[in-house]
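Encoded as structure tokens, the structure appears first; notes follow it.
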Amino acid sequence: MDKTYQPDAIERSWYQKWEQQGHFKPTGEGDSYCIMIPPPNVTGSLHMGHGFNNAIMDCLTRYRRMQGRNTLWQPGCDHAGIATQMVVERQLGAQGVSRHDLGRKPFIDKIWEWKEESGGTITNQIRRLGSSVDWSRERFTMDEGMSEAVKEAFVRLHQDGLIYRGKRLVNWDPKLHTAISDLEVENVDEKGFLWNLRYPLADGAKTAEGLDYLVVATTRPETMLGDAAVAVHPDDERYQALIGKEIILPLVNRRIPIIADDYVDREFGTGCVKITPAHDFNDYEMGKRHDLPLINILDRDAAILPNGQVFSIDGTLNSDYDAALPDQYAGLDRFDARKLIVTEFEQLGLLEKIDDHNLKTPRGDRSGVVIEPWLTDQWYVDAKTLAKPAIKAVEDGDIEFVPKQYENMYFSWMRDIQDWCISRQLWWGHQIPAWYDETGKVYVGRDEAEVRSDNNLGNDVILRQDEDVLDTWFSSALWTFSTLGWPEKTKFLKTFHSTDVLVTGFDIIFFWVARMIMMTMHFVKDDEGVPQVPFKQVYVHGLVRDSLGHKMSKSKGNVLDPLDLIDGIELEDLVTKRTANMMQPKLAAKIEKQTRNEFPEGINAYGTDALRFTFCSLASTGRDIKFDMGRMEGYRNFCNKIWNAARYVLMNTEQQDEQGDCIGALDCGQNGDEVELSLADRWIISRLQHTEQTIEKALDEFRFDLAAQALFEFIWNEYCDWYLELSKPVLWDENASEAQLRGTRRTLVRVLESALRLAHPFMPYITEEIWQRLAPLAGLSGDTIMHQPYPQAEANKIDVQAEADIDWLKGVILGVRNIRGEMKISPAKHINVLFSSKADSSAEDQARLNANQQFLKKLANLESATWLADSTQAPLSATALVGEMEVLVPMAGLIDKDAELGRLQKELDKLGKLINQVSGKLGNAKFVDNAPDAVVAKERAKLDEANSAKAKLQEQYDKIAAL
RNA sequence: AGGACUAUAGCUCAGUUGGUUAGAGCGCUACCUUGACAUGGUAGAGGUCCCCAGUUCGAAUCUGGGUAGUCCUACCA
């Protein structure tokens, strides 16, 4: 083995082998365990969030697989309608071609081409991350099977009356020319204005103050062209008399009523609100209550309708009104119209004032432009009905969120859910399986033939399929079951559904998790007809942020490709990567500066295992993770530590024993050879059991951080720091018996082999690489560690006595080292150390000293370790305490008097503080009376120990001070 | 406006049902290249657990109220 750990040398070949040998496929044996990958956008690339997400899913998958579960982790990608279409449109745009120039079919072909071209990026990344997904079952949301499932789902929902088509106000994206759902709208804080406009009263009416106009305030003056009323609060005394009267709407000179409605806030502005039912969601509702006309003034570009025509809801020229829109607005962009209207109001003396105003602007999450509420025909899913069982499933615990608090977020959204607009005016996606005849009548069916036969439509009837496609999230809502073969009742569906756990970020709970639950429970039933949940648990993790705590995003230029942490990247390459395809050159300069600042040396290659271990160790509950390069470097070093520990073990055990001699039960030799375990052997085996317990519990509770920490501490702080050191005096002892040597060799191998299996879900590559070398020494064989059993703690291997003995031994060694360190005694110097104790327990101390001579001498670098029967004969010494026993390092020639006094004083101060604290507690009668006996006893023991230690050290102090 | 989460060492984070002398890694200081490992070893320094009040014999931990930050939902035109 190389002297240092080289991740790139081992990672790629192992993944290939695993995949080729089919190790990722379900074994077909044991209880099933299934995770569905949250499908990333097929034309994108994985970022750190995906890396994190994958590390956790693979950890769970490998853990359960090793536990013997019939494990399926299924991969796949999403077609990501809008995002993908935008990318390809932009590419075409660079060549000066629009999708309309191309036409629908060729454009879709183009996207498929692009998908084939870029689709490999993600699968390659998933492979490099070591994810043990079953590639033979890879799916895509637009592949044939899923397309069938989508059609089936749509048709069935329609039959069940849960999908309907209707003309409503929708969130219209004037840039992308499509409707979007509420969730795709981001409300952004922006500074704007509140225009106060005067609306003249008709028929000579006057306000209470004698004015002949009302003042309305608006943030969108251009919508006044579509006003249908002015509303006041019914109890507002100022305007009581005017309710039922009319306004002459300026510019268009249309008469509109003054109405009363509770919705109006009397305190805001003048208490008068202009009502534009066709261009505002609240006004739309009010319009329905008061039977107001819907006056559509915008076309799909969010410009004023051409020719200044006002259209009503059905798109026809509105004849109910005396005036159409003034010609000067015809075809104007909404923001230009706004300016013009304000100007004209001013000229007419109807502009009361303009106030600064902070408002939330609705913007499309993809396009970034201001969303316009617009009247259109769209398809909707009746979410309220579907939500009911979905809410109940979480209430009843059939689905459990981890951490629990996300259930509240889920409930609050689901209990107030709005119908889901699922049609999109795009080309890339699942075209809606609905057909129209020439009268506009709509028919829903799986295909045109079915529609014709179901509705007795002859070939003379011309049918035209709906041009719209479905929201991407419609198909991903079917992900868990459609990918297993639904609507067919496949074996896989039966075996793996419900899936076990969904691993995802909180940002898509509404987009995806909630909708999956609704759809799955509607469509998938078990043999008794009981709705199945898509997954039993949802593990919700935080976002991965950069070192400054900022969200990683392309536009901020702070994204990291997980592969760049695995393979490393030069600074210049990273800068290029981050600033490529930037829309604004100014931004590119900023990003370049920031990148050079954060990674002045570029990024080192850390390897997949270190990256994954870092993700796991940062995966605490319910909080975002700030990615810390320092920690990753630490875990790369951890890999190196494991590597070198393995080198040591192999170096000392290979070609020493018969193959298989180290296997299995520790108490007897496989080949009848005698085996004797040292104290250290028994201790490390005992510690291993604790570690196995801790890790199993942590993983069962999704505490990857605690599991990682337990693993780290066991391997580094116990196995490497202590056990390997303790093995040396045995292995290098010329007088050691074969049985002793064999015992230590066997323990070295056996414990490391177990640790590798424990670590495998976190660090698949290094563990496999080492395991292949080590397994034969443990008498094990197998193609791969990934199908070996996950270690399980055995209570009978916990050795309390050995743990106590080693604690004592560590205490002695640490005491001597402390004196050495503080007294500046060269580590190379062999020293003589004396031990003594007046306490009753001295027999045990003495026995331990005798038993552990060789360990002590080696680890504390002692010349001699001598028990002093009569402590009064001790020469002047520096002192450390282990329990009641004094560890004495004679001062002569070694130790500076003042330094030792200083060191003792420090210890005495510490003890003094402790004694004050504890005796204060024990002096409090209320504490003694109320606290549990065990707690009081513990405090007493603590005090006794501290007092006795203090006395001993004080005695030493006085003795030295007296010199 | 409502809600959630966070606040512990210089930095990144643990701290399970209240009882620890409050921990880890990185960084820092000193020493050490000893036959697995300098991507290392040994020793050490470093904390008013955000603030205030309360409950309790006892609070980093529980309750209430602040402050600061992050986020979600809704929204007043």
Just the rounded figure in Å: distance from [atom2] of [N] to [atom1] of [X].
X: A:I715; N: B:A36; atom1: CD1; atom2: P; result: 19 Å
X: A:M632; N: B:U12; atom1: CE; atom2: C1'; result: 13 Å
X: A:R820; N: B:A30; atom1: CZ; atom2: C1'; result: 16 Å
X: A:D705; N: B:C13; atom1: CG; atom2: C1'; result: 9 Å
X: A:N640; N: B:G41; atom1: CG; atom2: C1'; result: 14 Å
X: A:R940; N: B:G58; atom1: CZ; atom2: P; result: 18 Å
X: A:L194; N: B:A77; atom1: CG; atom2: C1'; result: 7 Å
X: A:N652; N: B:C37; atom1: CG; atom2: P; result: 12 Å

Reckon [X] touches a base, only the sugar-phosphate, or nothing at all at heavy-atom distances under 4.0 Å?
X: A:L814; answer: sugar-phosphate
X: A:K626; answer: sugar-phosphate
X: A:R415; answer: nothing
X: A:Y406; answer: nothing
X: A:C639; answer: nothing
X: A:W732; answer: base
X: A:S547; answer: nothing
X: A:S412; answer: nothing
X: A:D721; answer: sugar-phosphate
X: A:W716; answer: sugar-phosphate
X: A:E725; answer: base

[M] and [N], which share atom name [atom1], separated by this distance in whole Å:
N: B:C51; M: B:G10; atom1: P; answer: 14 Å
N: B:G18; M: B:A24; atom1: C1'; answer: 23 Å
N: B:C26; M: B:C62; atom1: C1'; answer: 33 Å
N: B:A43; M: B:G54; atom1: C1'; answer: 44 Å
N: B:G64; M: B:A4; atom1: P; answer: 10 Å
N: B:U33; M: B:G25; atom1: C1'; answer: 24 Å
N: B:G44; M: B:C37; atom1: P; answer: 25 Å
N: B:C57; M: B:C13; atom1: P; answer: 38 Å

Contact nearer the 5' end of RNA chain B, comparing A:H357 with A:K858: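 Whichever sits nearer the 5' end wins; that is A:K858.
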
5' priority, RNA chain B, between A:L706 and A:V273 [closest heavy atom]: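 In this pair, the answer is A:L706.
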
Where the side chain of [X] meets the backbone of [Y], is there a donor-acceptor pair that is under 3.5 Å apart?
X: A:D628; Y: A:G630; result: yes
X: A:R820; Y: A:N861; result: yes
X: A:N187; Y: A:K360; result: no

Dot-bracket line, read 5' to 3' along RNA chain B, where crossing pairs take [ ] and | marks a partner on another strand, Watson-Crick or G-U under 3.5 Å: (((((((..((((.....[...)))).(((((.......))))).....(((((..]....))))))))))))....

Side chains of [X] and [Y], donor plus acceptor under 3.5 Å:
X: A:D705; Y: A:S617; answer: no
X: A:D261; Y: A:H290; answer: yes
X: A:D182; Y: A:N171; answer: yes

A:F193, CZ: over 12 other non-hydrogen atoms inside 6.0 angstrom: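 Result for CZ/A:F193: open.
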
Heavy atoms from other residues, nucleotides or ligands near CD of A:Q854 exceed 12 (cutoff 6.0 Å):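 Result for CD/A:Q854: enclosed.
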
Residues in contact with RNA chain B, drawn from residues 907-924 of chain A - heavy-atom cutoff 4.0 Å: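 RNA chain B contact set from residues 907-924 of chain A: A:L914, A:K921, A:N924.
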
A:F506 side chain, from C-beta outward: closest of B:U12, B:C31, B:C71: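 Within the option list, the nearest is B:C71.
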
Closest to the A:F712 side chain, choosing from B:C31, B:G25, B:U12: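 The answer is B:G25.
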
Heavy-atom closest contact (A:I766 atom, A:I10 atom, distance):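 Minimum heavy-atom separation between A:I766 and A:I10: CA-CD1, 3.9 Å.
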
Where A:W643 and A:K3 come nearest, the two heavy atoms and their spacing: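 So the two residues come closest at CD1-O, 4.1 Å.
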
Ring centroids of A:F927 and B:G19 base under 5.5 Å with planes under 30°: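 No, A:F927 does not stack on the base of B:G19.
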
Can you check whether [X] has a side-chain N or O nearer than 4.0 Å to OP1 or OP2 of [N]?
X: A:K906; N: B:A45; result: yes
X: A:S620; N: B:A14; result: yes
X: A:K824; N: B:C32; result: no
X: A:N818; N: B:G44; result: yes

Ring-face cation contact, A:Y648 with A:K728, 6.0 Å cut, 45° max: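 Ring-cation test returns yes.
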
Heavy-atom donor-acceptor pair, A:K641 side-chain to B:C37 base, under 3.5 Å: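 A donor-acceptor contact between them is present.
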
Any N/O donor-acceptor pair, A:R817 side-chain to B:U42 base, under 3.5 Å: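 Between B:U42 and A:R817, which were checked side chain against base, a qualifying N/O pair under 3.5 Å is absent.
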
A:W716 and A:F638 aromatic ring geometry - parallel, tilted or perpendicular at 30°/60° bounds: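 Answer is parallel, since the angle falls under 30°.
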
Contacts of A:R415 that satisfy side-chain hydrogen bond (donor to acceptor under 3.5 Å, both in side chains) - sequence neighbours left out: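 A:E395.
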
